[in-house]
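See below for the structure under consideration.
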Amino acid sequence: MHVVLSRDPDGTVRVHDGAPRAVPAAGLASLVAASEGGARDERPLPRWTWDDTNRWYLGLLRAGVRVERSHDLRLVHRILRSSVPAAGSALATAPPGPWDAMAPTPAGAVPATGARRAPQDDSLFDLAAPAAPEPAPAAGTDPRAELRRQEDAVAGSSAPGRLRLLAAGESAGALVAAEMHHAGLPWRSDVHDAILTEALGPRPPEGHRPARLEELARQIRAALDAPPSLNPDSHPDLLKAMQYAGVGARSLRKWELEKLEHPVVAPLLEYKNLYRLLTANGWHWLDEWVADGRFRTEYVVGGVVTGRWSSTGGGALQLPKGVRRAVVADPGWCLVVADVAQLEPRVLAAMAGDEAMAGAGREGDLYAGIVASGVVPTRELAKVGMLGAMYGGTTGASAQVLPRLGREYPRAIALVEDAARTGERGGVVTTWLGRSSPGPGSAWDEAQAGAFADDAGADAAARARSVTRSWGRFTRNFVVQGTAAEWALCWLASIRRRLWALGAAPGARPGLAPAPFADRPHLAFFLHDEVVVHAPLELADAVAAEVRAAAEEAGRLLFGDFPVDFPLTVATVDSYADAK
DNA sequence: GCTTTGTGCCAC
DNA sequence: AAACGTGGCACAAAGC
């Protein structure tokens with residue numbers, strides 16, 4: 001079942017399964033493709049087991065080869081290393097080793113794996129450029145030995161079933177991340193340029209402000225009676241000028257400026273807004289991150305402590321709503337955009353076994369369900385109340401409704417309160433599937449020590465209290481955000497498998513995506529509780545149905561028969577901006 | 001000159 | 001309303 005891949009120093013690949021063998025690097029893609037193609041016989045497909053998904057899989061994808069299942073030793077090691085359910089294992093108790101030090105392989109460091117080369121790759125130009133060498137695995141990392149340690153740690157843990165699911169989900173997530181990097185997010189540079197030009201004026205020469213910003217800078221100076229030398233990009237200078245003009249702002253934050261009444265506020269807010277567009281997603285961004293009609297970022301699986309993904313490159317997880325108009329499906333294709341409604345409170349309800357809260361989400365909108373139960377008068381209060389419960393809010397409306405939520409949903413609220421108390425005590429909390437939080441670290445220790453020192457004053461005690469509560473908010477949120485991330489991993493894994501099973505639509509027009517996705521629906525974007533699938537138009541309805549089925553499957557995988565729903569909003573659109 | 005820190009805003 | 005979780009990123013200012 002597990003087929004472990006390793007690489008000799010000379011690049012030769014060793015394949016460890018029933019019949020261990022060595023293959024030249026150039027032969028790997030065809031070997032993997034042959035194993036994946038053998039689905040017609042009864043044997044299950046191999047679980048490709050490697051030190052790092054990017055290192056192996058990106059090359060395979062560039063050779064047009066997809067795999068069904070994998071096991072990412074680096075990612076699973078990280079989880080098991082600190083997982084409380086596996087705390088007694090040899091893996092968890094060993095001194096730090098090379099698997100702990102391993103960083104993810106950057107996509108740029110991975111060359112295409114041999115075989116199935118596209119014709120244009122054989123050009124003289126290509127021959128003149130030597131292929132990049134394969135990135136070397138870390139010294140002292142024997143993948144077979146590590147796999148055994150991981151299997152032992154899981155089998156001997158207090159929750160083998162859950163940890164096994166987490167390992168499979170994390171590994172599948174790594175496949176999805178590599179595939180989304182490979183396929184890219186469809187991006188229309190011309191549309192993006194039109195958005196920028198409409199808002200800012202035409203692209204200015206390097207080092208110059210766009211016309212609209214220049215005009216707003218002029219208005220800002222006029223409103224402040226400031227000299228032409230005033231640069232609105234300089235916070236200290238601008239604040240000084242505003243003070244001089246008696247504006248009364250303590251900072252340049254948007255929400256603070258919005259409270260003021262002064263002629264400078266309107267042009268300044270618009271300036272900040274457009275300046276942000278220019279610097280974060282302007283022409284430079286377009287030049288750097290979009291090529292051949294695709295935006296390619298690097299997803300970092302488990303890049304957030306809670307298990308959420310992060311990304312590096314282009315700020316992919318912060319794409320402003322305003323530029324999503326540039327995300328447009330290829331001709332003859334569409335985007336199926338799906339997001340989960342109120343994922344985190346639903347996950348909380350299921351973890352806590354809180355049937356009342358799960359029931360509030362039965363008809364769709366969970367916050368509306370809370371209102372319908374008579375707990376709070378408005379949807380807005382239900383929402384801020386639940387968010388406050390999960391984030392640790394202590395002020396305002398959120399704190400006001402918390403007691404009523406606690407009375408109606410004692411199990412759910414107790415779960416997050418317990419997680420907070422554990423964190424405040426310096427303890428570790430664990431998600432539903434077994435990812436544990438880091439310890440509080442030296443800042444927490446030092447704060448407590450400070451409060452007990454002989455010369456401790458009121459401020460030291462206050463600081464200790466603040467650090468303590470802050471860590472409690474972290475662990476409170478960790479269990480919910482982390483379990484939501486686990487649900488999302490299972491959702492993604494299921495979507496990925498189902499999309500491939502749909503196959504190519506007969507007669508569909510090929511898109512611009514590279515093999516193996518040129519004629520198949522594929523995941524193109526993922527944002528915590530939201531996915532974008534790029535699909536041939538003919539398959540839009542089928543894709544939507546599979547994405548919904550995948551959400552049901554994810555709920556069952558995590559929470560079995562517990563009656564909790566994960567309803568989706570699904571939209572089939574030409575542009576991402578048209579979803580919801 | 002360089003790197004680090006602070007500010008502020010975007011996403012969920 | 002602006003305190004209440006997780007991040008990435010760009011820029012200017014501060015520090016070396």
5'-most by nearest nucleotide on DNA chain C - Trp255(A) or Ala280(A):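 Taking each residue's closest nucleotide, the earlier one in sequence belongs to Trp255(A).
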Between Met390(A) and Pro236(A), which has a closest nucleotide on DNA chain C that is more 5'?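 Here Met390(A) is the residue nearer the 5' end.
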The side chain of [X] is closest to which nucleotide in this list: [options]?
X: Thr306(A); options: dT6(C), dG7(C), dA2(C); value: dT6(C)
X: Thr395(A); options: dC4(C), dC9(C), dC11(C); value: dC4(C)
X: Val305(A); options: dC4(C), dT6(C), dC9(C); value: dT6(C)
X: Thr312(A); options: dC9(C), dA12(C), dG7(C); value: dC9(C)
X: Tyr391(A); options: dC4(C), dG8(C), dA2(C); value: dC4(C)

Considering every strand and a 4.0 Å limit on heavy-atom distances, what is the contact class for [X]: base, sugar-phosphate, or nothing?
X: Leu319(A); result: sugar-phosphate
X: Arg324(A); result: sugar-phosphate
X: Phe478(A); result: nothing
X: Gly313(A); result: sugar-phosphate
X: Arg253(A); result: sugar-phosphate
X: Gly392(A); result: sugar-phosphate
X: Leu252(A); result: sugar-phosphate
X: Asn281(A); result: nothing

[atom1] ([X]) with more than 12 external heavy atoms under 6.0 Å:
X: Glu261(A); atom1: CD; answer: no
X: Asp292(A); atom1: CG; answer: no
X: Asp237(A); atom1: CG; answer: yes
X: Arg498(A); atom1: CZ; answer: yes

For DNA chain B, note the earliest and the latest nucleotide, 5' to 3', having some atom under 4.0 Å of a heavy atom belonging to chain A.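 Using the under 4.0 Å cut-off, the span is dT7(B) to dC12(B).
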Centre of Trp432(A)'s six-membered ring, under 6.0 Å away, within 45 degrees of the axis: is that where NZ or CZ of Arg162(A) sits?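 Yes - Arg162(A) lies over the ring of Trp432(A), closer than 6.0 Å to its centre and within 45° of its axis.
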Do Trp285(A) and Trp187(A) have their ring centres less than 6.0 Å from each other?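 Yes, ring centres under 6.0 Å apart.
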If I pick the P atom on dT5(B) and the same atom on dC4(C), what distance separates them, to the nearest angstrom?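 To the nearest whole Å, 25 Å.
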Output a table of donor-acceptor pairs, distance under 3.5 Å, between side-chain atoms of residues 390-406 of chain A and any protein atom two or more places apart or on a different chain; print 'none' if there are none.
none

Is the phosphate of dC4(C) approached by Thr394(A) (side-chain N or O, under 4.0 Å from OP1 or OP2)?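 So the side-chain polar atoms of Thr394(A) do come within 4.0 Å of the phosphate oxygens OP1 or OP2 of dC4(C), strictly under.
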